Amino acid sequence: VERLLSSSLSVESVLLGASFVDRFAPILPERQPTFIVDDAALRELVGYEFHRGILACGVRPASPTLAGLTTNLPRESMRQTLVVCPDVQDPENLGAIVRIAAGFGAIGILLGPRSADPFSRRVQRVSMGNVYELPIATSDDVAAALTSLRHEHGFESWGTVLDSEAETLGTRARPDRLALVFGSEGHGIPP
């Protein structure tokens, strides 16, 4: 919630447990609609004991297009990584990928149509709020998007695979523009 409040996303409202008001009041933006309930009511509403005493309702941002992710790419040879997840369905796995991508300075993430919702509660939690800062686009045709990235923007695609015949990362020079593809949990990267 703290990351959401400090992000550029709009926040509709905040819900606080009564014993948490003093702790969180200083971080609430002025005029932020805020509701206070007793702690027992918050536990009942959340549905489980583990919570931090604060909930927020943010406005889902519009998903950028592939063109939106690549519009402001610098022309110089600064290294850029775009993470591509055609079919990562487990929200916790997607959240971890978002967190790692942000940590390594990726310019964004491209998701396929069957990937987990990047704004689901579990993705938000596991990503540690990085979904609010890292641009996340979706594509109905990830293979076509990768082709476009290669031809129009000079991205080389590398796939993450468990295959004894695959080249290891250490055997190739990293390209300046890299589309790093993560396959699904069950069947990896589609052909």
Side-chain angles (χ1 to χ4, degrees), residues 1-15 42 45-52 54-71 80-150 153 155-163 166 169 177-191:
V1 171
E2 289 179 53
R3 287 241 171 128
L4 174 62
L5 290 170
S6 67
S7 77
S8 63
L9 300 182
S10 297
V11 177
E12 288 289 322
S13 60
V14 173
L15 179 68
L42 183 62
L45 178 66
V46 172
Y48 52 89
E49 287 292 319
F50 181 74
H51 64 83
R52 303 284 185 202
I54 185 170
L55 298 172
C57 180
V59 177
R60 179 187 292 265
S63 178
T65 62
L66 180 61
L69 285 178
T70 57
T71 296
Q80 297 153 350
T81 303
L82 178 66
V83 173
V84 181
C85 299
D87 194 17
V88 175
Q89 297 175 359
D90 184 286
E92 291 185 5
N93 290 343
L94 182 58
I97 290 169
V98 170
R99 184 176 71 232
I100 292 165
F104 280 103
I107 63 167
I109 295 181
L110 178 64
L111 299 178
R114 293 188 314 259
S115 290
D117 177 357
F119 291 98
S120 70
R121 178 186 59 82
R122 288 172 49 202
V123 173
Q124 291 178 63
R125 178 180 53 81
V126 175
S127 79
M128 296 177 64
N130 283 294
V131 296
Y132 311 135
E133 301 297 332
L134 193 63
I136 300 174
T138 57
S139 174
D140 289 333
D141 189 345
V142 173
L146 288 169
T147 299
S148 172
L149 284 166
R150 181 176 64 242
H153 302 286
F155 276 84
E156 187 173 319
S157 297
W158 287 11
T160 56
V161 296
L162 294 175
D163 184 340
L169 288 175
R177 291 188 173 174
L178 174 63
L180 187 58
V181 182
F182 290 85
S184 76
E185 299 84 346
H187 53 78
I189 300 172

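In this text the structure is predicted, and so the values were computed from the model without any measurement. Only heavy atoms go into these numbers, but all of them, side chains included; no hydrogens, no water, no symmetry mates.
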Atom OG1 in Thr160, atom CD1 in Ile189: separation rounded to 0.5 Å? 4.5 Å
Taking side-chain hydrogen bond (donor to acceptor under 3.5 Å, both in side chains) as the test, write out the residues that go with Glu185, two or more places apart. Asn93
Going by side-chain hydrogen bond (donor to acceptor under 3.5 Å, both in side chains), name the residues that satisfy it together with Asp141, two or more places apart in sequence or in a different chain. none
Nearest-0.5 Å distance that lies between atom CD1 in Ile136 and atom OG in Ser63: 8.0 Å
Would you name the heavy atoms of Cys85 and Leu94 that are closest together and state the gap between them? SG-CD1, 4.3 Å
Mind checking whether Phe182 and Pro86 have side chains closer than 4.5 Å, heavy atoms only? no
Could you walk me through whether Leu111 and Ser139 pass side chain to side chain contact (heavy atoms under 4.5 Å, CB included), step by step? CA-CA 6 Å; Leu111 299 178; Ser139 174; over 6 Å; no
Should Thr138 and Leu110 be marked as a side chain to side chain contact (heavy atoms under 4.5 Å, CB included) after you check the CA-CA gap, both sets of side-chain angles, and the distance that decides it? CA-CA 5 Å; Thr138 57; Leu110 178 64; 5.8 Å; no
Which atom names give the shortest non-hydrogen contact between Val88 and Gly183, and what distance separates them? CG2-O, 3.6 Å
Side chain to side chain contact (heavy atoms under 4.5 Å, CB included) between Asp117 and Arg60: does it pass, once the steps are laid out? CA-CA 11 Å; Asp117 177 357; Arg60 179 187 292 265; 2.8 Å; yes
Nearest non-hydrogen partners of Leu69 and Ala137, listed with the distance: CD1-CB, 3.6 Å
Could you give the distance from OG1 (Thr81) to CZ (Phe104), rounded to the nearest 0.5 Å? 10.0 Å
What's the separation between atom CD1 in Ile100 and atom OG in Ser127, rounded to the nearest 0.5 Å? 11.5 Å
Run the side-chain contact (heavy atoms from CB on, under 4.5 Å) test against Thr147 and tell me which residues pass, sequence neighbours left out. Arg150, His151
Mind checking side-chain hydrogen bond (donor to acceptor under 3.5 Å, both in side chains) for Gln89 and listing every partner two or more places apart, or none if nothing turns up? Asp87
Which pair of heavy atoms, one from Leu42 and one from Ile54, lies closest together, and at what distance? CD2-N, 4.4 Å
So that I can tick it off, tell me whether Asp140 and Arg114 are bridged by a salt bridge, with the cut-off set at under 4.0 angstrom between side-chain N and carboxylate O. no
Evaluate the side-chain proximity of Met128 to Arg3: yes if any heavy-atom separation is below 4.5 Å, no if none is. yes
Minimum heavy-atom distance between Gly95 and Val126, given as atom pair plus value: C-CG1, 3.7 Å
Between Gly112 and Val142, the two heavy atoms sitting closest are CA-CG2, 3.6 Å
Mind checking side-chain contact (heavy atoms from CB on, under 4.5 Å) for Ser7 and listing every partner two or more places apart, or none if nothing turns up? Leu4, Leu9, Tyr132, Glu133
I would like to know whether Val84 and Ile109 meet side chain to side chain contact (heavy atoms under 4.5 Å, CB included); could you show each step before the answer? CA-CA 6 Å; Val84 181; Ile109 295 181; over 6 Å; no
Distance check, rounded to the nearest 0.5 Å: Leu82 atom CG versus Thr70 atom OG1? 9.0 Å
From Trp158 CH2 over to Leu178 CG, what is the distance, rounded to the nearest 0.5 angstrom? 6.0 Å
Salt bridge (charged side-chain N to carboxylate O under 4.0 Å, His left out) against Glu92, all qualifying residues, sequence neighbours excluded: Arg122, Arg125
